[in-house]
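Let me begin by presenting the structure, written as structure tokens, before commenting on it.
Predicted, not measured: the structure shown is a model, and the values here were computed from it. Letters go in sequence order (proteins before strands), and every chain restarts at 1.
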Amino acid sequence: MSPDDRPYPDVPAQPSFPEIERGVLERWKSQGTFAESVDRRPPGARGRNEFVFYDGPPFANGLPHYGHLLTGYVKDIVPRYQTMRGRRVERRFGWDCHGLPAEMEAERELGVSGRRAITEYGIDRFNEHCRTSVMKYTGEWQRYVERQARWVRFDNDYKTMDLSYMESVMWAFKELWKKGLVYEDHRVKTYSWAAETPVSNFETRIDDAYRERQDPAITVRFRLVPRSGDDGPLEVLAWTTTPWTLPSNLALAVGPEIEYAVFVEDGVRFVLGAAAAAKYEGELAGAERVGTLSGSELVGRSYEPLFPYFSGHERAFRILGAEFVDTEEGTGVVHMAPGFGEDDQRVCRENGIELVCPVDEKGNFTEEVADFVGQNVLAANKPIIRRLKDDGKLVRHETYVHNYPHCWRTDEPLIFKALESWYVKVTDFRDRMVEHNRGINWIPGHVRDGQFGKWLEGARDWSISRNRFWGSPIPVWKSDDPAYPRIDVYGSLDELERDFGVRPTDLHRPGIDELTRPNPDDPTGKSTMRRVPDVLDCWFESGAMPFAQVHYPFENKEWFDDHFPADFIVEYIAQTRGWFYTLMVLSTALFDRPAFQNAICHGVVLDNEGKKLSKRLRNYPDPDEVFDTRGSDALRWFLCSSNILRGGDLQIDREGKAIAESVRLVIIPIWNAYHFFCLYANPDGAEARVRTDQTAVLDRYVLAKTRQLVEQVTDAMNAYDVPRACGLVRSFLDALNNWYIRRSRDRAWRKEKDPDKQDFYDTLYTVLEVLCRVAAPLLPLITDEVYTGLTGRESVHLQDWPDAGELPDDPGLVAAMDRVREVCSTALSLREEHRLRVRLPLASLTVAGADTQSLLAFADLIRDEVNVKSVEASEDLDTFGSFQLVVNARAVGPRLGASMKTVMTASKSGDWRSLEDGRVAVAEAVLEPTEFSLRLLPKEGLEGLAVQSLPSNDVVVGLDVRTTPELEQEGLARDLVRQIQAQRRDQDLDVSDRVRLWINGPQDVLDAAAQWTDYICKQVLAVELSFEPIPGDWESSVSDVSGSETRVAVRKI
RNA sequence: CCUACGGUAGCUCAGUCCGGUAGAGUGCCCGUCUGAUACGCGGGUGGCCGGAGGUUCAAAUCCUCCCCGUAGGACCA
């Protein structure tokens, strides 16, 4: 038979898996397999047969790393599974194009740094650069995604910078506005006066942004407005590290519960926190403590402003009560400048004090602070302190070293400053979000009420505006004259066209800023409607993805209604504050529905010391190298079989050894089974088919075991438990290769065609066919290679998920056979213990215990596996073992209470007896049959018999360890066979080559060879056996099995 | 400082909800190559369950406090 006639491929024993993978990827590409797998599944009426998957958009600039690869694998596994289940799963790639990372990259590339520089460079040119630079890595992304065998469409991808996407975002903003869920407000934020820009939390976390800085720390006195009952002038002491905020002071805060001490010196009374007084020993040396006040007694009192600039300010210059005040640092009295401190602003607002912010964009004092106008606030610290000293207000001047945020771009210290910003009123519908979240299936489950649930409960209003350039514009136009206020919010291109007379083809700045019109509410006609300059937080856009990707509601209205919410999304755990959250916010605010029903949160990939992966440290294996040397399926398995998919972390070693392990543990075993099948079926010209009516017990076992595999993997996949599915496949492979195939091999060796051999081929074929389908989502490349090679059909990914019902159901057989495997393990362990090699036959093996007769059905298997002449079952437990009492403590505990202790010790030491009625007496107690079980332990000191119990402790295995001359001789014969076979192999003989055979050696070996000549010759295909001296030019091998040198030689004839 | 998650064999992790006498894989050690697989097979070794208290007849499991790791958040007047 020529290779061409062979029904199955010529499968190499040790292939290059990466090479196979590249071949499969090529095949998919040329045959359009992905598109086919989607198209064949009907969407059903109104998309009811669709499984809706949302692909969270990654930032387009920057290369993928292991985190992305992991997410990508899961984004592939679940849709592949659902496709095989018959669902239509559209997969569309998305790109997150806007946002600070994109701008930072552009600034770096253009050598333009900071807001002012960008404005000078030209917003149009800057944004044009962003538009192209942001797509710089899309090719690389596509290459990675394809190499990892992830099926997702790039040809109809969506981009957050598309006009249609941005129009939908605009619509969403207007909807929120109409619902009263958007507002503008002043909030205190970190601000870089040097770069003239607000700095996000994200930016303050960049390396070294927080570092030590020495600032002045001063204590100043505020004189209270006298009140009847005062014993003279009263002053409170406040401490600050930002003297430049004192001109903007509008209030003082004390802790209502805090105890304040009153001191007197020269008739003036001082108040400060009692706990802080010790710090001011020096200043208070001449003072005398005369009393105590609680914070609440101070609340409400007015004081004289330190500076005159805002002296008429409404409701200002009073002492307020605030919970956050403490006496750890400072005096227990906090100076409040609501324009420059978050707490300050909040507390002042609660007390009806409007903030003031006399500092301009450059960080210089405005005209409002006349004495220091034009001075940078930090530089103004000194003159301000001098002024306070001159005025006698300064109590103490020291320095203070603290961790302080710096601008990562200019290295200058940041300041806290109130800025205008737009907010989504998340607090208004927070409860609805919490409610929607209850219905979401989170993996792992604790995320629902833990990380995500807690975050929702504590949700605050969401700042959605960014004082930047490259992003979706805030679609708000305001009158430029406060005398004629008007605000217009736009939600579509139509509305813009209606009011401005032109229809924009691009919504980006600066084009959008050029749309202006006269203020309709201004009869003078002088004021103009202008767009507020901010752009939207790019997270707003990613949260808008479910509808913006299809240009809802301008198009695809029905489609969206049918495809929302998503069935499934997956991202890493930190997205509970990111995409998971923004999806929830917008879906709740706009549609009062959750945006997704099932969500996997995976953990973080770390290096083997538990540190983050870092490009700079190169503490991880290069993904390309992993693809080239181990393959994508191995990486997929390594990542997805780990509990990183259950929210844990995963450590990856620098050399990628663990990835190589996946090849060894899973991919090679699958390949070996496939290889074995082809190796024998091909020369036989056997064509196998899917069948389940085989009668041989091993066949029925492996088919029933396969059914269990299908059932269990289906359960796991339905529960989105990918690691569990992986574990099931792995333990199945062990049963397949190391039990079913190994115990069935001899059926393939028979020369003639016979039904039993065909049964074996059919069984193995059937099992492999099902296994490939079950493992297809988990190992899409290798299973497809095996599946197509085996069946000649089209890709496994175009097949249906296997139906467990088509395989025989026989859990009893599976359990019995698995027990047989345990008996064999135990017997082999006894051999090991007694140093009796497996080739040495032993007389008998006895299994003793309840219901061991049924094991005799498998006696042949056991006999072969452990090499004994006979296998026997015995109910006579006393010969082989004794019982130990195992108390069912859970049942007895509550009844016996304190005497449990003695019962437990007595049961362990064997101090108990059975009663006639089936109960047992132990210590002082009598146990009902339900309250205990008996564990069988092997008896010790048996003559010629080695015993050991199964792990389940209900069966004892006894091995006859006495040998006889006959057994020894047979053992030697088998040793010879082994040695001869090795010799055959060394000479690269084919399994069917016939040979002549020479054996030289000690007398016992020669006797054994003579006694077992027929057996030996048959085993090694020898036509002639000679004990003459071996001809000198023959290859021979030497062994010392029998204790002295044995030499064998073979020659092909 | 707060929140979530974790700390169980050398390593990676089950087991903890619902208390009842500690598991897997891997590593290591030993053995093993007879016609698919030595990238294999079999066996063995290995743990005062992060620490300290408490509840209980009984705690890896429940409670309290503490320590360590990871992630996120807050604060830095």
Practice problem: Check whether any side-chain nitrogen or oxygen of A:S825 sits under 4.0 Å from OP1 or OP2 of B:G43, and answer yes or no. | Solution: yes
Quiz item: C1' atom, B:G50 versus B:U61: distance in rounded Å?
Solution: 15 Å
Self-check item: Between B:C11 (P) and A:I659 (CD1): distance, integer Å
Solution: 20 Å
Quiz item: Under 4.0 Å between a side-chain N/O of A:T241 and OP1 or OP2 of B:A77, yes or no?
Solution: yes
Quiz item: Mind checking the P distance from B:C28 to B:A22? Whole angstroms is fine.
Solution: 28 Å
Self-check item: Candidates B:U34, B:G44, B:U26 - which lies nearest the side chain of A:Q948
Solution: B:G44
Self-check item: Any N/O donor-acceptor pair, A:E661 side-chain to B:C39 base, under 3.5 Å
Solution: no
Exercise. Report the residues that fulfil ring pair (Phe, Tyr, Trp, His ring centres under 6.0 Å) with A:F638, sequence neighbours left out, ordered by chain and then residue number.
Key: none
Exercise. Under a 3.5 Å limit for both distances, which nucleotide forms a Watson-Crick or G-U wobble pair with B:C62, could you say?
Key: B:G54
Quiz item: When the P atoms of B:U26 and B:G69 are considered, how many whole Å apart are they?
Solution: 31 Å
Quiz item: To the nearest Å, how far apart are A:I443 CD1 and B:C5 P?
Solution: 17 Å
Quiz prompt | Inter-nucleotide C1' distance (B:U16, B:C5), Å rounded | solution = 15 Å
Exercise. Just call it for A:Y1015: base, sugar-phosphate, or nothing, with non-hydrogen atoms closer than 4.0 Å on any strand.
Key: base
Practice problem: Sticking with atom C1', work out how far B:U45 lies from B:A59, rounded to a whole angstrom. | Solution: 28 Å
Quiz item: By a strict heavy-atom criterion of less than 4.0 Å, which residues belonging to residues 732-744 of chain A are in contact with RNA chain B?
Solution: A:N737, A:N738, A:I741, A:R742
Quiz prompt | Distance below 4.0 Å between A:R664 side-chain N/O and B:G27 OP1 or OP2 | solution = yes
Exercise. Indicate, with a heavy-atom threshold strictly under 4.0 Å, whether A:Q14 touches base, sugar-phosphate, or nothing.
Key: base
Practice problem: Give the rounded distance in Å between these two atoms: NE2 of A:H446 and C1' of B:U16. | Solution: 14 Å
Quiz item: B:A4 phosphate, OP1 or OP2: any side-chain N/O from A:K454 under 4.0 angstrom?
Solution: yes
Self-check item: Sugar-phosphate, base or nothing in reach of A:I668, heavy atoms under 4.0 Å
Solution: base
Self-check item: 5'-most by nearest nucleotide on RNA chain B - A:T245 or A:F17
Solution: A:F17
Exercise. Using Watson-Crick or G-U wobble geometry with both distances below 3.5 Å, tell me the partner of B:G69, or none.
Key: B:C5
Self-check item: Non-neighbouring partners of A:Y740 that pass ring pair (Phe, Tyr, Trp, His ring centres under 6.0 Å), sequence neighbours left out
Solution: A:F760
Quiz prompt | Inter-nucleotide P distance (B:C2, B:G19), Å rounded | solution = 30 Å
Self-check item: With A:W455 via ring pair (Phe, Tyr, Trp, His ring centres under 6.0 Å) - residues at least two apart
Solution: A:Y581
Quiz item: Who pairs with A:A253 by side chain to side chain contact (heavy atoms under 4.5 Å, CB included), at least two apart in sequence or on another chain?
Solution: A:A322, A:V325, A:V334, A:M336
Self-check item: P-based separation of B:A9 from B:G25 [nearest Å]
Solution: 16 Å
Practice problem: Please determine if a side-chain N or O atom of A:R837 lies less than 4.0 Å away from the OP1 or OP2 oxygen of B:U32. | Solution: no
Self-check item: CG on A:D721 to CD1 on A:I443, rounded to 0.5 Å
Solution: 8.5 Å
Quiz prompt | Strand partner of B:G47, provided both Watson-Crick or wobble distances fall under 3.5 Å | solution = none
Exercise. Looking at every strand, decide which applies to A:D343 at a 4.0 Å heavy-atom threshold: base, sugar-phosphate, or nothing.
Key: sugar-phosphate
Quiz item: Between atom CZ in A:F222 and atom P in B:A77, what is the gap in whole Å?
Solution: 15 Å
Exercise. Give none if B:U16 has no partner; otherwise give the nucleotide forming a Watson-Crick or G-U wobble pair with it, both distances under 3.5 Å.
Key: none
Exercise. Hunt down the Watson-Crick or G-U wobble partner of B:A22, both distances under 3.5 Å, from any strand shown, or write none.
Key: none
Quiz item: Residues two or more places apart in sequence or in another chain: which of them pass ring pair (Phe, Tyr, Trp, His ring centres under 6.0 Å) with A:W244?
Solution: A:F340
Quiz item: Which of the following nucleotides, B:A4, B:G35, B:G42, is nearest to the side chain of A:Q451?
Solution: B:A4
Self-check item: Whole angstrom value for the distance that separates P of B:U34 from CZ of A:R839
Solution: 6 Å
